[in-house]
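Everything numeric here is computed off the predicted structure, so don't read it as measured data. Just the heavy atoms: all of them, side chains too, but no hydrogens, waters or symmetry mates, feed the values below.
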Number of protein chains: 2
Amino acid sequence: MYLVNGKAYTCAIAIAQDIFNDKWKLGIIWHLLSGEKRYKELFEEVCEITQKTLTVKLRELEEKGIIAREAFPEIPPKVVYSLTPIGEKLRPVLNEMFDWGIDYVTVCGAFSEGTVCEPKLSKKA
Amino acid sequence: MYLVNGKAYTCAIAIAQDIFNDKWKLGIIWHLLSGEKRYKELFEEVCEITQKTLTVKLRELEEKGIIAREAFPEIPPKVVYSLTPIGEKLRPVLNEMFDWGIDYVTVCGAFSEGTVCEPKLSKKA
DNA sequence: CAGGATCCATCAAGATACTG
DNA sequence: CAGTATCTTGATGGATCCTG
């Protein structure tokens, strides 16, 4: 049995599922894997997300200890988001998921013209 | 650019995210990784799921080519679900996710008494 | 046994406008 | 620049009952 902030789980998969069960968090982390990013950079790189949703998701990830937020007391403001150690440990998960996505397109989809927005990542942990 | 049933993606992660962005699919696949299962077995093993939801999720996974459904013309009925090749390829994703879940509990949670419902899986692909 | 059929509550997320 | 504040909606999933 696993306890994570007051909630009991009988399956480690359910813990990850519970955290990442939404449309955006994995994408945000995927972009942070290539290095820390400012709010605006994330807003531009994570396709189609709205400011409100980005803010909400960043707060949730911070609260769960997966990303860190650093605000610089400047005008104009500057806020930088980065992965915590446990957040960084998602790298192999995302890499496997990326590979599976490619496999899935190969089997059930098609490749087409047009640029992709994959960040360039090192595969090493 | 990736095309998957009429939808365009610029990121392979988004493909996986789009498919598994719900409360149940990954858990169902996790249980199918230990072997094919009947409807009733899944209903009992996937904690807390309702019959309707299980049916809906199985249909969605079948439609996306990730699981296969085989119905035996018997009375009482017998239906067996199993992973397709591309579904089986989710094994490394789920294994990494499982490991991360354990890491996350180690850092941000606690282990406790009580049995877990993890299926016993081989780590090999 | 393996669903199907309804009805319903909730909530994530989009759109839009505003601010320290 | 990095957010807030409202308003609104579509879909997910829960509850319950029914059936080939």
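- Distances shown here put every side-chain N or O of B:R38 at or beyond 4.0 Å from the OP1 or OP2 atom of C:dC1.
- Under 4.0 angstrom from either OP1 or OP2 of C:dC1 there lies at least one side-chain N or O belonging to B:K40.
- Closest non-hydrogen pair, A:Q17 versus B:L26, comes out as OE1-CD1, 3.3 Å.
- For the pair B:D18 CG and D:dT12 C1', the interatomic distance rounds to 14 Å; values are reported in whole Å.
- In this structure, CG of A:L58 is placed 16 Å from P of D:dC1, rounded to the nearest angstrom.
- Distance, A:E44 CD to D:dG3 C1': 15 Å, rounded to whole Å.
- The side-chain contact (heavy atoms from CB on, under 4.5 Å) test applied to B:R69 returns B:R59, B:E62, B:A71, B:V79, B:Y81, not counting sequence neighbours.
- The salt bridge (Lys or Arg N to Asp or Glu O under 4.0 Å) check on A:E36 picks up nothing, with sequence neighbours excluded.
- In the helix from C:dC1-D:dG20 to C:dG20-D:dC1, the terminal helix axes, each the rotation mapping four pairs' C1' atoms onto the next four within five end pairs, subtend 60°, rounded to 10°.
- A:V80 belongs to a hydrophobic cluster whose other members, connected by ILVMFWY side-chain contacts under 4.5 Å either directly or through intermediates, are A:F72.
- Listed pair B:Y81 / C:dG3 meets the phosphate criterion, a side-chain N or O lying under 4.0 Å from OP1 or OP2.
- To the nearest angstrom, C1' of D:dG3 lies 17 Å from CZ of A:F72.
- Distance CD (A:E70) to C1' (D:dA2): 15 Å, rounded to an integer number of Å.
- Every salt bridge (Lys or Arg N to Asp or Glu O under 4.0 Å) that A:K57 has, sequence neighbours left out, goes to A:D22, A:E60.
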For residues 2-16 of chain A, please give each side-chain donor-acceptor pair under 3.5 Å, one per line with the distance, not counting sequence neighbours.
from: A:Y2; atom 1: OH; to: B:E118; atom 2: OE2; distance (Å): 3.1
from: A:K7; atom 1: NZ; to: A:D18; atom 2: OD2; distance (Å): 2.9
from: A:Y9; atom 1: OH; to: A:D18; atom 2: OD2; distance (Å): 2.5

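- Dashed line: the shortest gap from a side-chain N or O of A:Y39 to OP1 or OP2 of D:dT4 is not under 4.0 Å.
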Where protein sits on nucleotides 4-20 of chain C, one letter per nucleotide: B base, S sugar-phosphate only, - none, heavy atoms under 4.0 Å: S-B------BBB----B
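- The CD-P distance, from A:E74 to D:dA2, rounds to 10 Å in whole Å.
- Residues satisfying the side chain to side chain donor-acceptor pair (under 3.5 Å) test with A:T84, not counting sequence neighbours, are none.
- B:L26 has its CG atom 12 Å from the P atom of D:dG13, to the nearest Å.
- Rounded to whole Å, atom C1' of C:dA2 lies 11 Å from atom CZ of B:F43.
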Show me, pair by pair, the donor-acceptor contacts under 3.5 angstrom made by side chains of residues 103-117 of chain A, not counting sequence neighbours?
from: A:Y104; atom 1: OH; to: B:K64; atom 2: O; distance (Å): 2.7
from: A:T106; atom 1: OG1; to: A:I102; atom 2: O; distance (Å): 2.7

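- Considering CG of B:L58 and CD of B:E63, their distance stands at 12.5 Å, rounded to 0.5 Å.
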